[in-house]
Structures are given as structure tokens and as C-alpha cells.
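Since we're looking at a predicted model, the values are computed, not measured.
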Amino acid sequence: MIQAALARAPAPRVALIRGLEACASEISGVVFAIEEPELFLAPHAHRYLRRLFRRLAERGNQVFFTTHAPGLLSVAALDEVNLVTRDEIGVTAVERLRPIDVDDSFRVMCEFDAERSELFLSRAAVLVEGLTEKITLPFVFSALGYDPDREQISIVECGGKSNIPLFIEICRRARVPFVVVHDSDLRPEREPSEAEQNLNALIRRKAGARRTVVLEPDFEGITGFHGKKKKPERAWLHLANARPEELPEPLVRAVRLTLASAHQREPSYS
């Protein structure tokens, strides 16, 4: 039996939020340094804290905080993130990530999306087009004897194929190993569009051939079912209990590539 207890934030954390609220309306020219402010707070409070930190910064303050909470991060605001690493002899280095140019629609899509932002804390990431791939790839990991959460691997739904090049750039700047999985959308019965060919070529060029797994012509084609109606649900049922020998080869290859990438990078919890 699994039982869960929900605990509300203890008084010190409530005091932290109230203190920051007061400072955000009155204080400027101050440096704030906070270690893991997310402790004992609900995810809603993480998002609120991030807005408080921005208000403090807009008033001319500097805010530094360490975190393991993706709700306090945004893949659309790389310039807010610093990577802290320690080498084999104990020397610590801090690298501020370079900002990335994104349009408003991408920023809105990612601004408060903790699942996408968890890639900062990953050993490796699989970048996929949409929900269908996101909810079915864990079954492929499982059938092969792995758990992506245990391996600290994020399956990142990019909100469409056209956003994959941006997520590739984010992973590169954040030093996160990655593998890309996308449909070719090229079918022999029709003339391929120039835009589709150009997008496929752009993804391959940015990711590299060894990191790119292309589904020919698409997810439905490699899994053997057709039609777009209730696609995520049908994909779930199709792969939920699949045996290793029943798995589509491109998905198996994507999982094995991601595992290899993750094992080359030791997780950091500091």
C-alpha cells in the first residue's frame, strides 16, 4: 500500500515569501543569496517565487539562488541560469549560459513549464515532437529493462517539430547530452514539400546524424497503426505491454543512444 501525506509550508518558508514580497516593493541595490528556496513549498509556490525574484531584479537587486526545482527555471531564459561544476581535483567553476533568441510564442509555451525545464537537471534528454512520443517512450525503456527516471533522463515534448532546433540549442548551451526523435513526414505517394525537407535537414545539421533518429514516415508508420484520432491513447495501448522483440527498431535505437549519452555524464546534485 502507498500512502502520501500532504504538508503545508512551515512557518520559516512562509516568512521567506512574505519577506521577499515586502522587499520586492521597497528594496533596491541589494544582493539576495538563497539556498534551495523551494524546500517545503508546493509547486505553485515555486512559480510564485520565480515571479518574486524577477520583481526583485527589476528593482535593481541581484538575486542568486541554488535549486533542484525545475519550476524555478525556464528553458526560454537561459541567461538566468548558471552551471556549477566541480572537476576531479575539487576545483569549482561557474558558467553563465548565453541567452537564446526566441519569439513570444515559444517563451509563453515554456515560461512556466516545469517538465521542459527539468532538462537542466538531466543526465540526458530525448527531444520529441509531441505528447504521443512522450507518453510511449517510457514503455520502450521499461521493455528494455530501464527506468528513465532512475537514469535521470528527461523525455522533452518540444511542442512540435519546428521547435526541435531551439531545444537542440538549449541542450548544447546547457551541456545536456541529447537525442532527437522526429517524423520524416516524407511519403512516396506525394511530392515532399521544400519546407519539410529544409526542416529535416536543419534538425539533422544541428543535432548531428548520430544523435538523430528519424521515424519513416512517422510514428504511426513504424508502430503499425494508422489514423490521427486518439493517437496518444492508441499509442499507449499499443506499446504498454510490448515485449522487446515487438518494439519498433527506431525507438529502441533512440533509447539505447540516450542511455549511452546519460552514462557518459555523471549526475550532479550539488
Side-chain angles (χ1 to χ4, degrees), residues 6-24 27 30-87 90-100 102 106-125 127 148-157 166-167 169-178 262 265-270:
L6 298 179
R8 300 194 183 279
R13 289 292 158 171
V14 174
L16 169 66
I17 292 177
R18 289 176 179 170
L20 290 173
E21 286 174 331
C23 292
I27 302 296
V30 172
V31 176
F32 293 82
I34 309 171
E35 183 175 4
E36 297 190 333
E38 69 269 16
L39 295 180
F40 305 110
L41 293 178
H44 320 75
H46 297 175
R47 296 190 292 269
Y48 181 58
L49 266 179
R50 187 162 178 268
R51 293 198 293 274
L52 278 178
F53 291 154
R54 281 196 169 175
R55 283 166 54 190
L56 284 166
E58 289 167 358
R59 286 189 59 85
N61 301 291
Q62 292 190 50
V63 182
F64 297 91
F65 63 92
T66 60
T67 185
H68 285 89
L72 290 172
L73 303 169
S74 172
V75 294
L78 292 188
D79 52 316
E80 295 179 354
V81 180
N82 295 269
L83 295 181
V84 182
T85 57
R86 182 178 296 170
D87 65 18
V91 176
T92 299
V94 180
E95 177 189 2
R96 184 175 185 180
L97 301 186
R98 293 180 293 120
I100 186 170
V102 296
F106 184 85
R107 191 175 299 279
V108 169
M109 180 185 78
C110 297
E111 185 66 17
F112 297 111
D113 190 304
E115 288 196 11
R116 291 188 177 102
S117 294
E118 77 172 30
L119 73 81
F120 288 122
L121 309 171
S122 304
R123 294 172 68 177
L127 306 181
D149 291 329
R150 186 181 186 279
E151 300 294 334
Q152 207 171 327
I153 291 171
S154 293
I155 301 170
V156 182
E157 185 262 301
L166 277 174
F167 277 94
E169 186 63 24
I170 289 165
C171 286
R172 289 195 179 281
R173 296 193 187 192
R175 309 289 189 267
V176 176
F178 65 91
R265 177 185 182 184
E266 289 302 314
S268 174
Y269 300 99
S270 59

What pairs with N82 under side-chain contact (heavy atoms from CB on, under 4.5 Å), at least two apart in sequence or on another chain? V94, R96
Check: R175 side chain, L83 main-chain N or O, donor-acceptor pair, under 3.5 Å: no
Please check this pair: side chain of T66 against backbone of E36, looking for a donor-acceptor N/O pair closer than 3.5 Å. yes
Can you name the side-chain contact (heavy atoms from CB on, under 4.5 Å) partners of A24, sequence neighbours left out? L52, R55, L56
Under the ring pair (Phe, Tyr, Trp, His ring centres under 6.0 Å) test, which residues partner F167, sequence neighbours left out? F106
side-chain contact (heavy atoms from CB on, under 4.5 Å) between L41 and I17: does it pass, once the steps are laid out? CA-CA 10 Å; L41 293 178; I17 292 177; 4.1 Å; yes
Are E38 and H68 close enough that a side-chain donor and a side-chain acceptor fall under 3.5 Å? no
Taking every heavy atom of R107 against every heavy atom of A76, the minimum-distance pair comes out as NH1-O, 3.1 Å
I34 versus P37, closest heavy-atom pair with distance: CG2-CB, 3.7 Å
I'd like to know if the side chain of Q152 reaches the main chain of L121, judged simply by a donor and an acceptor atom lying under 3.5 Å from each other, with no hydrogens or angles considered. yes
For G71, does its backbone N or O pair with a side-chain atom of R47 as donor and acceptor, under 3.5 Å? no
Under the side-chain contact (heavy atoms from CB on, under 4.5 Å) criterion, do F65 and L49 qualify, and how do the steps go? CA-CA 11 Å; F65 63 92; L49 266 179; over 6 Å; no
Tell me whether N61 contacts the main-chain N or O of I27 through its side chain, where contact means a donor paired with an acceptor under 3.5 Å. yes
